[in-house]
Amino acid sequence: MTYKEARVYLDEVSKYGSVLGLDAVRELLHELGDPQEELRFIHIAGTNGKGSVLAFISTILSEAGFRTGRYISPTVVSYLERIQIDGQWIPEEEFAELVEEIQKAIVRMEARGLSGPTVFEIETAVAFLYFRKKRCRFVVLETGLGGKEDATNIVRNTAVAVFTSISRDHMGFLGDTAEAIAKHKAGIIKPGCIVVSAPQQPEVQRVLKKQAALQGCEIFFAKPEEGAVTQEGYRGQTLSLGGLKNLNIRMAGACQAVNAVTAWEAVRAVEIAEGIKIREEDLCRGFEKTRWPGRFTCLREAPVWIVDGAHNADGARWLKDSMERYFPGRRLLFIMGVFRDKEYEKIAEIMAPLAERIYTVDLPEKGRTLPAKELKKAAEPYCRGTVLAMEDIDRAVEKAMEDAREEDVILAFGSLSYLGRIMEIVQ
């Protein structure tokens, strides 16, 4: 099987949709020899910040000399970036080989009358096989949707369970309150692991504390005041974190200081859980080397181009704070594209008042996209300037460049699914 053939096969499987639950992935992994049982996990759930916290933790562990796997979703730059070891994407050839192995396992399962897995379950199995093959010391694992019934929750060897900010998202699957959503996400807490959480709403904090107690786990909540920002700009910031002074991180945005503190607490928990010690220089170098495309990423200057994957109300509030902090008094032009199952009206209410012009676009996933014309209607009541439904992403970029002056700021935000294309065009 070639890489192209593997992708065609996965595209065919994806037409059957996704199903919450662990039965199919459990059967698949058992057929493959349960590779996840030979790995040690740092498992991350949350609504916003999962990718950034994953990037911080995994880069620090790699810098400390531990071979570290990453499993992420969704991706921005390339499909292959979802499976990485020490920041290097899985090669096409190895990906194809593992998909072929899994395809044969699925044929055997179906011959016994078992249900076939979803595409996300297959991708998860590819990751576990690859990480076992390469003998990863740690795997930093990001949930796809929720926690309790997410395919990644098949793992048992969790050293540390990490929770980033939990708020309302995926309400159709997880519930319509933060407490209900937190109950799903708290399902990743395994007996005896250490639990680390970003600051949470009181009702979410209660859920996490209760589940940690039921599983006999210590729980620690990150304290943002431990990460004082001493210098900042839209290309990065400098923190004083615990006993560390002048800690440089290349990720800007008001939320990243909180994510850094959460990651720092998680790394300390890994040290306790695994009986290891990470040197201060490795910690500092790991923070400084961390990159995460699509999270308040500056692409160019004059005009300044920023892309950010804020796709829910909580993410929009963080993004609004960052734009006001870094670009006071500047003329702002927005490109905006979101899925129809998101709180797009709330996102528009939060962000649109900042913009002089907004260009709404259709997303590549036509089945889930909110049409540009509908998004235009949602944004118009809040925007003080002009809102244009451009539909085509390339044309929206061209139009924004035509309309922008050198001193202006262009921000493309919303779903991560189209930011890769924006980055390709702009860069």
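No hydrogens, no waters, no symmetry mates; every other heavy atom, side chains included, goes into these values.
The distance from atom OH of Tyr71 to atom CZ of Arg82, rounded to the nearest 0.5 Å, is 6.5 Å. In this structure, His311 NE2 and Glu343 CD are separated by 10.5 Å, a value rounded to the nearest 0.5 Å. Rounding to the nearest 0.5 Å gives a distance of 6.0 Å between CD1 of Ile422 and CD1 of Ile393. Within the model, atoms CG of Leu375 and CD of Glu345 stand 10.0 Å from one another, a figure rounded to the nearest 0.5 Å. Atom CZ in Arg357 sits 13.5 Å away from atom CG in Leu332 (nearest 0.5 Å). How far CG of Leu129 is from NZ of Lys133: 9.5 Å, rounded to the nearest 0.5 Å.
Residues Phe413 and Met336 have side chains in contact (heavy-atom distance under 4.5 Å, counting atoms from C-beta outward). You'll find the side chain of Gln201 stays beyond 4.5 Å of the side chain of Ile166, heavy atoms only. Two residues are said to be in side-chain contact when any heavy atoms from C-beta on lie closer than 4.5 Å; Leu39 and Val155 fail this criterion. When side chains are defined from C-beta on, Arg368 does not count as touching Leu363, because their heavy atoms never get closer than 4.5 Å.
For the side chain to side chain contact (heavy atoms under 4.5 Å, CB included) test with Ile57, the passing option among Val140, Thr290, Val160 is Val140; the others fail. For the pairing with Tyr418, the side chain to side chain contact (heavy atoms under 4.5 Å, CB included) check across Asp362, Val338, Ile335 returns one residue only, Ile335. Of the listed residues (Tyr326, Trp305, Phe327, Phe296), just one forms a ring-ring contact (aromatic ring centres under 6.0 Å, His included) with Tyr234, and that residue is Phe327. For the side chain to side chain contact (heavy atoms under 4.5 Å, CB included) test with Gln237, the passing option among Gln256, Arg250, Met251 is Gln256; the others fail.
Closest approach of Phe221 to Ala198, counting heavy atoms only: CD2-O, 3.8 Å. Scanning both residues, Cys217 and Val195, for their nearest heavy atoms gives CB-CG2, 3.9 Å. Taking each heavy atom of Ala263 and Phe56 in turn, the nearest pair found is CB-CB, 3.5 Å. Closest approach of Ala316 and Ala310 over heavy atoms only: N-CB, 4.0 Å. The two residues Leu333 and Ala400 come nearest to each other via the heavy atoms CD2-O, 4.0 Å.
Between the side chains of Arg70 and Ser58, at least one donor-acceptor pair of N or O atoms lies under 3.5 Å. Under the 3.5 Å distance criterion, with hydrogens and angles disregarded, no donor-acceptor pair is assigned to the side chains of Arg285 and Ser62. Of the N and O atoms on the side chains of Glu398 and Tyr359, not one donor lies less than 3.5 Å from an acceptor on the other residue. No side-chain donor-acceptor contact under 3.5 Å links Gln84 and Asp86.
The pair Arg235-Glu301 meets the salt-bridge criterion, with a side-chain N (NZ, NE, NH1 or NH2) lying under 4.0 Å from an Asp/Glu carboxylate O. Salt bridge status for Arg156 with Glu37: present, with a side-chain N to carboxylate O gap under 4.0 Å. Ion pair Glu356/Arg405 not flagged as a salt bridge, since none of the NZ, NE, NH1 or NH2 atoms sits closer than 4.0 Å to an Asp/Glu carboxylate oxygen. Under the 4.0 Å criterion applied to side-chain N and carboxylate O atoms, Glu265 and Arg268 are assigned as salt-bridge partners. A salt bridge between Lys185 and Asp150 is absent, with no side-chain N of the basic residue lying under 4.0 Å from a carboxylate O of the acidic one. A salt bridge links Glu12 with Lys15: the distance from a Lys NZ or Arg NE/NH1/NH2 to an Asp or Glu carboxylate oxygen falls below 4.0 Å.
For Phe128 and Phe41, the ring centers are positioned less than 6.0 Å apart.
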Please output the side-chain donor-acceptor pairs of residues 203-212 that fall under 3.5 Å, not counting sequence neighbours, one pair per line with the distance.
unit_1: Gln205; atom_1: OE1; unit_2: Lys209; atom_2: NZ; d: 3.4

Give every donor-acceptor pair under 3.5 Å between a side-chain atom in residues 95-106 and any protein atom, sequence neighbours left out.
unit_1: Glu100; atom_1: OE1; unit_2: Met1; atom_2: N; d: 3.1

Discussion item. Does Phe339 form a side-chain contact (heavy atoms from CB on, under 4.5 Å) with Ser417? I'd like the steps, not just the answer.
Written reply: CA-CA 10 Å; Phe339 289 132; Ser417 66; 3.7 Å; yes
Worksheet entry | Residues Asp314, Thr47; criterion side-chain contact (heavy atoms from CB on, under 4.5 Å); working and verdict | CA-CA 9 Å; Asp314 196 43; Thr47 306; 5.6 Å; no
